[in-house]
Amino acid sequence: MDDLASMLFWLRLVQLLLAIPLLALAGQGVVFMIARSVGQDVSSNFFFRILETVVMPFTRLARLITPKVISDRQLPLVVLSLLVVGYFWVMFAIADACTSHGFPVAQCLQGR
């Protein structure tokens, strides 16, 4: 069980590190929509810039791995897609780790 506990710890940590920029990117989209609806420029919005700072490492990584055909306007969608795929991949890895040790997923995650 100790091996499972340490594996679950690391997988949950990776899931958390993916969830933070994922939520920041979603918040950035909400702030973008609100700022545009009231006619404000998003580059001067304080909250947008904070959320942009949280997502920036993932945006730079996505810029490095995507071809130049992808424009900077499409890059947030690429980052969102990569983060969602990574989050679900880790979620399925957690479920696989639980079932491979013979535990139902709910019982495995309940015994923190």
Side-chain angles (χ1 to χ4, degrees):
M1 183 68 180
D2 187 40
D3 180 41
L4 177 63
S6 66
M7 181 185 293
L8 286 177
F9 171 78
W10 290 110
L11 285 172
R12 286 181 182 164
L13 181 66
V14 170
Q15 192 176 28
L16 176 68
L17 291 176
L18 290 173
I20 291 171
L22 188 61
L23 291 173
L25 193 60
Q28 200 175 2
V30 169
V31 171
F32 179 83
M33 296 298 285
I34 292 172
R36 287 293 179 163
S37 67
V38 296
Q40 183 185 17
D41 186 29
V42 292
S43 63
S44 64
N45 190 306
F46 177 71
F47 295 111
F48 186 84
R49 293 180 56 104
I50 288 176
L51 294 172
E52 187 178 41
T53 304
V54 171
V55 180
M56 191 172 299
F58 294 92
T59 306
R60 288 186 179 168
L61 179 66
R63 176 46 56 201
L64 286 174
I65 64 173
T66 55
K68 299 301 177 200
V69 176
I70 306 293
S71 69
D72 287 340
R73 284 191 64 174
Q74 299 167 334
L75 203 56
L77 185 60
V78 171
V79 173
L80 179 70
S81 301
L82 290 174
L83 287 173
V84 167
V85 167
Y87 187 85
F88 279 110
W89 180 78
V90 172
M91 187 172 61
F92 288 131
I94 289 172
D96 183 53
C98 290
T99 56
S100 68
H101 281 79
F103 294 110
V105 177
Q107 180 186 1
C108 181
L109 294 178
Q110 189 178 24
R112 299 176 191 189

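Any value given below was found using the heavy atoms of this structure, including those in side chains, with hydrogens, waters and symmetry copies removed. Counting from 1, the numbers follow the sequence of the chain as shown. For clarity, every value in this text was computed on a predicted model and none was experimentally measured.
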Give me each pair satisfying disulfide (SG to SG under 2.5 Å) with a member in residues 70-107, each pair once, sequence neighbours excluded.
Cys98-Cys108

Between CG of Leu51 and CZ of Phe46, what distance do you get to the nearest 0.5 Å?
10.0 Å

How would you list, by chain and number, every residue that makes a side-chain hydrogen bond (donor to acceptor under 3.5 Å, both in side chains) with Gln74, sequence neighbours excluded?
none

Using the rule that Ile, Leu, Val, Met, Phe, Trp and Tyr join whenever any side-chain heavy atoms are under 4.5 Å apart, tell me whether Leu4 and Phe9 fall into a single cluster.
no

Tracing side-chain links under 4.5 Å among I, L, V, M, F, W and Y, which residues wind up in one group with Val30?
Ile34

What distance separates Ile94 CD1 from Phe92 CZ, expressed to the nearest 0.5 Å?
11.0 Å

Taking the side chain as everything from C-beta on, heavy atoms only, tell me whether Val31 gets closer than 4.5 Å to Val42.
no

Rounded to the nearest 0.5 Å, the CG atom of Leu25 sits from the CZ atom of Phe58 at a distance of 10.5 Å

When hydrophobic residues are tied together by side-chain contacts of less than 4.5 Å, even through go-betweens, does Phe47 share a cluster with Met56?
no

Tell me every residue that passes side-chain hydrogen bond (donor to acceptor under 3.5 Å, both in side chains) with Ser43, counting only those two or more places apart in sequence or in another chain.
Asp41

Looking at residues at least two apart in the chain, or sitting in another chain, which of them share a side-chain contact (heavy atoms from CB on, under 4.5 Å) with Thr99?
Asp96, Val105

Applied to residues 5-74, the disulfide (SG to SG under 2.5 Å) test, sequence neighbours excluded, yields none

In short, side chain to side chain donor-acceptor pair (under 3.5 Å) pairs touching residues 48-61 with sequence neighbours left out are none

The remaining residues in the hydrophobic cluster of Leu16, counting side-chain heavy-atom contacts under 4.5 Å among Ile, Leu, Val, Met, Phe, Trp and Tyr, are Ile20, Val54

Identify each donor-acceptor pair in which a side-chain atom of residues 66-73 lies under 3.5 Å from a protein atom, sequence neighbours left out, and give them as a table.
unit_1: Thr66; atom_1: OG1; unit_2: Ala62; atom_2: O; d: 2.8
unit_1: Asp72; atom_1: OD1; unit_2: Arg63; atom_2: NH2; d: 3.1

Nearest 0.5 Å, please: how far is CG in Leu8 from NE2 in His101?
8.5 Å

In a table with atom names and distances, give each donor-acceptor pair under 3.5 Å that connects a side chain of residues 81-89 to protein atoms at least two apart or in another chain.
unit_1: Ser81; atom_1: OG; unit_2: Leu77; atom_2: O; d: 2.8
unit_1: Tyr87; atom_1: OH; unit_2: Gln15; atom_2: NE2; d: 3.4

Any side chain to side chain donor-acceptor pair (under 3.5 Å) involving residues 28-40? Give me the pairs, sequence neighbours left out, ordered by first then second residue.
Gln40-Asn45

Pick out which of Val14, Leu13, Leu17 makes a side-chain contact (heavy atoms from CB on, under 4.5 Å) with Val90.
Val14

Shared hydrophobic cluster, Phe32 / Val79 (ILVMFWY, side-chain heavy atoms < 4.5 Å)
no

